[in-house]
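Just below is one structure, and these are the notes that go with it.
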Amino acid sequence: MKRASRNLLEGAATLVAGLGLWLFAGGVDLPVVTPAKVGVVMVCVGGAEVLLGLCRAARGPAGSR
């Protein structure tokens, strides 16, 4: 699998999981972290990874440079 498509896939999965935590785990009380805040961080990381994958896909393969 190419790096760009792998970044897109992993970023989308992280983004969806973070969105689920952010929207549906707000009422859960854990002693160390708040799941909703972890969800926001995961959404940001997933979005950044999707953008990285899109940039890598737009640049093309590394061998053509």
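Numbers here simply count residues along the sequence, with the first being 1.
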For [X] and [Y], which heavy atoms make the closest approach, and how far apart are they?
{"X": "G26", "Y": "A36", "value": "CA-CB, 4.2 Å"}
{"X": "L19", "Y": "V43", "value": "N-CG2, 3.4 Å"}
{"X": "V50", "Y": "A12", "value": "CG2-N, 3.5 Å"}

### Query
What pairs with V38 under side chain to side chain contact (heavy atoms under 4.5 Å, CB included), at least two apart in sequence or on another chain?
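Partners of V38 by the side chain to side chain contact (heavy atoms under 4.5 Å, CB included) criterion, ordered by chain and then number, come out as L21, V33, M42.
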Atom pair [atom1]/[atom2] of [X] and [Y] - distance to nearest 0.5 Å:
{"X": "L9", "Y": "T14", "atom1": "CG", "atom2": "OG1", "answer": "9.0 Å"}
{"X": "C44", "Y": "E49", "atom1": "SG", "atom2": "CD", "answer": "13.0 Å"}
{"X": "L52", "Y": "R6", "atom1": "CG", "atom2": "CZ", "answer": "10.0 Å"}

### Query
When hydrophobic residues are tied together by side-chain contacts of less than 4.5 Å, even through go-betweens, does V32 share a cluster with V28?
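In one cluster: yes.
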